[in-house]
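The structure appears below as structure tokens.
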Amino acid sequence: MGMPEEANQLFQEARKLYVAKMQTLISSVADIIGTELGRAKARIAKGRAELKTEVDKLPADLKKFGQDAATDFAGKFDDLEATVNEKSEQLVQDLAQKYTAALNKVDEEIKKLQEANKGLVDKAKDAIVGVIKTINELKNLLLNILAKAASAIMKIIKDPIGFLGNLVKAVGAGLHLFITNIADHLKTGLVSWLLGTAVKAGLELPQRFDLKGIIQLIGALLGLTWANIRTRITRKGIPEQALTTIETSVPVAKKLATEGPAGAVNEITEEAGDLKATILEKLTTYLIPTVLIAGITWIISLLNPASAFIRAVKGIIDIVTFIVNQGAQIVDFVNAVLDAVIAITNGGAAGVPKMVETALATSIPLLIGFLASLLGISGLANKVKSVFHAVSKPVNRAIDKIINLITKKGKALWNKLKRKQKDEKNGETPRSRNVKKEARRLLAAPTSSPLPSEGHLDREIKKVLDALRPQGLKSLRKKKGGSADSFTVVARASAPQEVAEATVTGGAENREDKKYEEEIKKYLHKHGKEWSESAVYEWWWEKQLENPKAGETRIWPSRDDVLSGTNAAGVTYLRDDRSAYGHPDLVKYFKDAPGTRSADTKTFRNYVFTSEQRHPVRDAFLKIIGTDAAVKVSEKGKAGVDASNATAEVKAGLTDQIGKIEFHPALSHYGKFHPFLKDSVEPDLVEAVKKAGGIIRFLEKMLLGEDGNRSPDDSSERAVQGITWQKFSELWNSGGANSSWVKDRFRDAMPGRHEWIPSNLIRDVLEHAISLHDAAKAAEGLRWLRLHHELRSRTNFVIWKRPEGPASPPGGHVGTFYENDEDKSTFTNGTDDFHKRLREIFRESMHEGALACLDKILEEIEGEDGADGLIWSGRTLGIPSDVLEGAVGARYWIAPSQYASWSVQKLAQEQRKNYEAILKDFEQVRRKIEKIT
């Protein structure tokens with residue numbers, strides 16, 4: 001008996017209600033997806049706009065580089081937008097599939113309920129007919145496929161329910177095993193499936209699916225051939241004549257001409273990365289969840305023993321029918337499945353799961369198509385084509401870059417060809433062109449600033465002509481320019497060519513100028529002599545020549561002995577060379593205030609020799625006297641070393657160094673002798689620190705004695721490994737290498753950290769600690785030493801000035817900020833004042849105690865009334881919003897070789913953490929110092 005119509009109507013009404021609810025839910029999900037994807041696209045559009053804005057802000061000389069970089073980024077934005085679109089399509093497809101699957105499940109449940117409510121006679125009848133029909137179909141299929149399965153058929157017929165139970169269990173386990181290892185299996189079969197599907201997509205297959213083959217395939221998809229590329233190059237202004245030459249002379253063009261786009265494999269890889277890996281990853285990401293796992297899961301649901309017998313058998317028949325239809329292509333798979341069937345009928349089901357997994361793994365190409373068909377997924381060929389379209393974009397960008405490169409080289413080649421044709425027409429040769437180029441170079445310096453007179457210009461022209469006449473320069477003449485005091489210099493070697501432009505400030509016959517020149521000549525050399533013998537000699541002596549020793553004696557015994565008379569040639573230059581006393585700037589100095597200025601004054605002397613804007617005459621004079629002084633420094637130095645009591649080895653080393661000394665006027669305000677002597681560290685000091693166990697232990701032993709038990713009453717001289725306290729003080733006070741070495745070792749005890757009691761106070765802290773120890777306050781003395789060593793914070797945390805705009809950048813410790821284009825520390829403004837205050841706090845706290853010093857530094861770090869003290873706390877109150885959103889203007893050091901280019905807002909966020917870390921450093925050190933009793 002069948003079901004009443006009212007019952008069937010009830011099922012249909014329930015189905016309609018479910019569909020309505022699902023459609024509402026799907027609409028809501030689709031809205032969310034649409035909104036989020038819309039936001040993603042909007043962010044991409046904003047990124048494009050921000051990039052354009054930044055490029056537009058660049059100065060004219062950098063804009064071309066910015067535009068090139070923006071072009072590269074535009075391609076990245078295109079790829080990102082394509083990925084968003086692709087995800088949009090995939091989400092829609094996944095949503096539709098899940099909706100269909102859910103609806104099918106509802107229909108199955110309805111069918112199950114209808115089955116359960118059928119009359120018992122109908123149910124029994126259907127079951128018997130279904131079983132017999134299914135078993136006969138299975139028997140016929142197996143008999144028609146392989147004779148080797150014949151032995152198993154009768155066993156199946158005898159116990160179909162038992163056989164199917166074992167088959168369902170074993171095959172289900174094999175399917176689960178396949179899903180577990182699906183990623184590994186897909187690697188081996190994906191390429192075969194891809195190539196087969198690519199044919200269906202209308203793509204031209206390469207001989208090999210390697211990088212070159214992929215580029216060849218993409219080239220065919222885009223219509224990229226050398227003929228096409230060649231046309232694009234000619235459109236950029238490269239004529240055919242030049243392009244023919246390019247094809248044989250430019251390597252990448254030569255490869256493109258012979259191999260097509262595949263010839264540019266290196267250039268394309270640099271832009272697009274590993275194309276093969278990208279393609280396979282995109283397909284794998286799509287296939288595993290959408291086709292393979294979904295399809296296998298659907299099959300497993302058919303094999304669920306809890307399902308109706310008919311449904312389970314029907315699922316098995318679907319699978320076996322698929323095997324029959326595709327048997328010619330997957331003989332190995334068919335045999336594997338039949339082996340599994342035979343094994344089950346013979347009671348050997350244990351090894352079947354592995355057999356099923358192996359069979360599926362070797363049949364990946366066909367399996368993908370089968371499961372897609374089973375799930376109703378169509379358009380796999382179009383999916384493959386879309387993947388190739390996606391990866392073709394960076395390939396096209398790479399080709400664009402290559403075209404630009406070839407165009408650039410082509411234009412240079414074309415210009416060369418045109419120049420050659422022009423040279424042949426004008427009788428120009430490489431020799432004549434080069435000699436005129438050299439004339440231009442030689443005249444560049446003397447004509448870069450106004451010359452005193454036309455006669456000066458004539459002398460410069462004659463000098464260059466005399467030098468280059470042997471090289472083919474036929475003439476060099478001046479002609480009037482656009483104004484009365486301007487000239488153009490024309491060189492002739494074949495065709496005439498302008499090689500220089502010059503300006504003169506007046507004729508040699510100008511009486512007024514001659515009057516000023518005569519006055520300047522009378523006094524300039526006197527000012528130069530006085531300045532050099534007072535300021536310059538004194539600086540050279542104190543900064544470089546006074547201290548170096550060989551053994552126990554000075555290398556240069558006195559200033560006058562080494563420097564006296566070295567300014568003679570310079571004084572002669574100032575007195576006799578018109579380029580000095582007749583320099584246009586000096587003449588102008590008097591012409592600007594006629595009758596009110598005199599050359600015999602300190603004001604004029606300072607104008608020439610001591611003003612911040614270093615005068616060219618002063619620089620020329622300094623170079624002359626410094627060069628002569630370097631010769632005498634070397635001679636006298638070698639003599640001083642030779643006369644010393646130093647060892648032969650030391651003498652040889654010093655003599656070699658002194659022989660290399662030269663004068664470099666640009667290294668300081670008064671110039672420097674460089675390379676100068678390498679100041680050496682006292683070997684006994686190095687050995688003593690090493691034996692003591694490092695600089696920290698050395699300092700503590702100097703305080704407490706070698707054994708750590710020195711008594712305050714002990715009057716013997718303090719010493720550590722032979723270095724007495726007096727010797728240490730002398731080495732420190734001598735400056736140079738010894739004190740620098742001690743400070744470096746002290747810093748190395750905690751690298752990358754700032755000492756809150758500066759390292760140049762090492763001797764002062766130790767002296768203070770010793771005085772406390774001798775006054776029976778040993779614990780307090782040790783507290784000072786330990787405080788000096790322990791009280792440190794990470795260097796890049798030490799920012800004392802917050803950024804408040806381009807005109808007011810941050811200020812921080814050396815090594816905190818670095819320039820954007822080189823590894824050079826920047827934004828160190830305020831360094832001297834910061835360390836000066838720390839030294840003052842130490843001296844103010846000396847008689848109050850080590851902990852008082854710690855508290856005083858902490859008090860000044862924290863500031864008052866909500867204002868920052870010594871260190872910026874990260875507060876941003878009062879900083880304009882546009883400044884907060886803007887860039888700091890330099891890279892912030894995070895770790896070795898690791899920098900960050902942050903906004904001011906981001907720097908402030910990090911500095912708040914840094915500030916808290918500094919406060920914690922002080923808390924930890926306080927606890928340590930308090931324990932010293």
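Side-chain atoms are counted along with the backbone in the values below, which use heavy atoms only and exclude waters and symmetry mates.
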Criterion salt bridge (Lys or Arg N to Asp or Glu O under 4.0 Å) on D714 and R710, from CA distance to verdict: CA-CA 7 Å; D714 190 341; R710 183 182 175 93; 3.7 Å; yes
Residues Y537, S564; criterion side-chain hydrogen bond (donor to acceptor under 3.5 Å, both in side chains); working and verdict: CA-CA 9 Å; Y537 283 1; S564 179; over 6 Å; no
Candidate pair E910 and K913, rule salt bridge (Lys or Arg N to Asp or Glu O under 4.0 Å), full reasoning: CA-CA 5 Å; E910 292 300 317; K913 301 175 191 173; 3.5 Å; yes
Candidate pair E533 and K529, rule salt bridge (Lys or Arg N to Asp or Glu O under 4.0 Å), full reasoning: CA-CA 6 Å; E533 291 175 354; K529 186 174 187 298; 3.0 Å; yes
Stepwise side-chain hydrogen bond (donor to acceptor under 3.5 Å, both in side chains) check, N796 with T816: CA-CA 5 Å; N796 61 323; T816 299; over 6 Å; no
From CA spacing to verdict: salt bridge (Lys or Arg N to Asp or Glu O under 4.0 Å), E804, R802: CA-CA 6 Å; E804 296 181 336; R802 71 181 192 173; 2.8 Å; yes
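Under the 30°/60° scheme for interplanar angles, the aromatic rings of F834 and H754 are found to be tilted. Ring geometry for F746 against H788 counts as tilted: the plane angle lies between 30° and 60°, on a 0 to 90° scale.
Residues L907 and W872 form a side-chain contact, since some pair of their non-hydrogen atoms from C-beta on lies under 4.5 Å apart. Taking the side chain as every heavy atom from C-beta outward, F621 and S532 approach each other to under 4.5 Å. Looking at heavy atoms from C-beta onward, E682 lies out of side-chain contact with V686 at the 4.5 angstrom threshold. The closest side-chain heavy-atom distance from E662 to H674 is not below 4.5 Å. The shortest side-chain heavy-atom distance between W756 and L854 does not fall under the 4.5 Å cut-off. In this structure, F817 and Y892 have side chains that are in contact, with non-hydrogen atoms separated by less than 4.5 Å. Contact check for Y589 versus Y607: side-chain heavy atoms found under the 4.5 Å cut-off. Side-chain contact between I695 and D748: absent, with no pair of heavy atoms (C-beta onward) separated by less than 4.5 Å.
Of the possible polar contacts, one joining the H615 side chain to the V617 backbone as a donor-acceptor pair under 3.5 Å is found. Without hydrogens or angle criteria, S634 side chain to A630 main chain gives no donor-acceptor distance under 3.5 Å. For the pair K701 (side chain) and V720 (backbone), a donor-acceptor distance under 3.5 Å is absent. Distance alone, capped at 3.5 Å, is enough to place a donor-acceptor pair between the Q911 side chain and the F797 backbone. Using a distance-only test at 3.5 Å, with no hydrogens or angles considered, a donor-acceptor pair links the side chain of H768 to the main chain of M846. For the pair W800 (side chain) and N829 (backbone), a donor-acceptor distance under 3.5 Å is present. Side chain of Q544 to backbone of F673: a donor-acceptor contact under 3.5 angstrom is found.
For the pairing with W540, the ring pair (Phe, Tyr, Trp, His ring centres under 6.0 Å) check across Y670, W556, F663 returns one residue only, F663.
The pair R912-E916 fails the salt-bridge criterion, with no side-chain N (NZ, NE, NH1 or NH2) lying under 4.0 Å from an Asp/Glu carboxylate O. Salt bridge D600/K526: absent, no basic N to carboxylate O contact under 4.0 Å. Ion pair E840/R837 flagged as a salt bridge, since at least one NZ, NE, NH1 or NH2 atom sits closer than 4.0 Å to an Asp/Glu carboxylate oxygen. E819 and R891 are not joined by a salt bridge, as no carboxylate oxygen comes within less than 4.0 angstrom of a charged side-chain nitrogen. At a threshold of 4.0 Å, the pair D833-K836 does not count as salt-bridged, since none of the basic side-chain nitrogens sits closer than that to a carboxylate oxygen. Here E930 does not pair with R783 in a salt bridge; the nearest charged N to carboxylate O distance is not below 4.0 Å. Using a 4.0 Å cut-off between charged nitrogen and carboxylate oxygen, E700 and R697 count as a salt-bridge pair. Note on K632 versus E635: no salt bridge recorded, every NZ/NE/NH1/NH2 to OD/OE distance being 4.0 Å or above.
Residue pairs meeting the side-chain hydrogen bond (donor to acceptor under 3.5 Å, both in side chains) criterion with at least one partner in residues 770-779, sequence neighbours excluded, are R718-H773, R718-D774. The ring pair (Phe, Tyr, Trp, His ring centres under 6.0 Å) contacts involving residues 710-729 comprise F698-F728, where partners must be two or more places apart or lie in separate chains.
Other residues, nucleotides and ligands contribute over 12 non-hydrogen atoms within 6.0 Å of the NZ atom of K906. Counting non-hydrogen atoms of neighbouring residues, nucleotides and ligands closer than 6.0 angstrom, the CD atom of E864 reaches no more than 12 such neighbours.
Under 3.5 Å, the side chains of S808 and K801 contain a donor-acceptor pair of N or O atoms. There is a side-chain donor-acceptor pair under 3.5 Å between S873 and D868.
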